[in-house]
Amino acid sequence: FRADLINSGLIRGSIDDVIEAATQALTILEPIKNWPGVARAYDARATGYEQSGNSDLAKLDRKHMQYFETKTDTNKSN
């Protein structure tokens, strides 16, 4: 997942690249209800927002991350 790789320094990219990659992942993963991937994308994007100084958006994404971390395969319809 590109945003994770940029955040960890394994590939080059800007903060904007992290936010863009995570947002794109959310667009793909939410419709197919890949909740672990959605949580991970929110986490990566929150890190990007934190690095850009946007703590309000980072906090919102952390809340979304926590919500989606609680979803399991047994409640995919939620």
Side-chain angles (χ1 to χ4, degrees):
F1 172 56
R2 188 167 177 254
D4 285 334
L5 295 173
I6 296 169
N7 279 336
S8 66
L10 294 173
I11 63 172
R12 297 177 82 175
S14 68
I15 293 168
D16 289 336
D17 292 334
V18 169
I19 294 168
E20 180 182 331
T23 301
Q24 183 178 24
L26 289 168
T27 301
I28 294 166
L29 298 172
E30 284 181 320
I32 63 171
K33 300 180 181 180
N34 181 328
W35 305 137
V38 169
R40 188 171 167 185
Y42 275 117
D43 182 43
R45 193 168 73 174
T47 299
Y49 284 142
E50 287 166 348
Q51 292 174 352
S52 72
N54 196 333
S55 62
D56 290 339
L57 287 176
K59 286 177 187 175
L60 182 61
D61 273 3
R62 295 271 181 227
K63 286 181 182 179
H64 285 112
M65 177 197 73
Q66 291 171 343
Y67 172 75
F68 285 105
E69 282 180 336
T70 65
K71 291 193 159 282
T72 64
D73 288 342
T74 58
N75 65 1
K76 278 188 174 182
S77 63
N78 291 336

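As a basis for the values below, the full set of heavy atoms in this structure was taken, side chains included, without hydrogen atoms, waters or symmetry mates.
Cluster annotation: I32 is connected to F68 through the hydrophobic network of ILVMFWY side chains, with a link wherever side-chain heavy atoms come within less than 4.5 Å.
Applying the side-chain hydrogen bond (donor to acceptor under 3.5 Å, both in side chains) test to every pair with at least one member in residues 1-10, sequence neighbours left out, gives these pairs: D4-R40. Counting only residues at least two apart or on different chains, the salt bridge (Lys or Arg N to Asp or Glu O under 4.0 Å) pairs with a member in residues 41-62 are D43-R62, R45-D61, E50-R62. Applying the ring pair (Phe, Tyr, Trp, His ring centres under 6.0 Å) test to every pair with at least one member in residues 3-28, sequence neighbours left out, gives no pairs at all.
In this structure, A44 and F1 approach most closely via the heavy-atom pair CB-CE2, 3.9 Å.
Apart from I6 itself, the hydrophobic cluster it occupies contains L5, L10, I11, V18, where clustering links Ile, Leu, Val, Met, Phe, Trp and Tyr at side-chain heavy-atom distances under 4.5 Å.
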Side-chain donor-acceptor distances from residues 24-31 under 3.5 Å, at least two apart:
unit_1	atom_1	unit_2	atom_2	d
T27	OG1	T23	O	3.0
E30	OE2	Y42	OH	3.1

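The side-chain hydrogen bond (donor to acceptor under 3.5 Å, both in side chains) search around D17 returns S14, not counting sequence neighbours. Considering only residues two or more places apart in sequence or on other chains, I15 meets the side-chain contact (heavy atoms from CB on, under 4.5 Å) condition with I19, Q51, S52. L57 is linked by a side-chain contact (heavy atoms from CB on, under 4.5 Å) to Y49, N54, counting only residues two or more places apart in sequence or in another chain.
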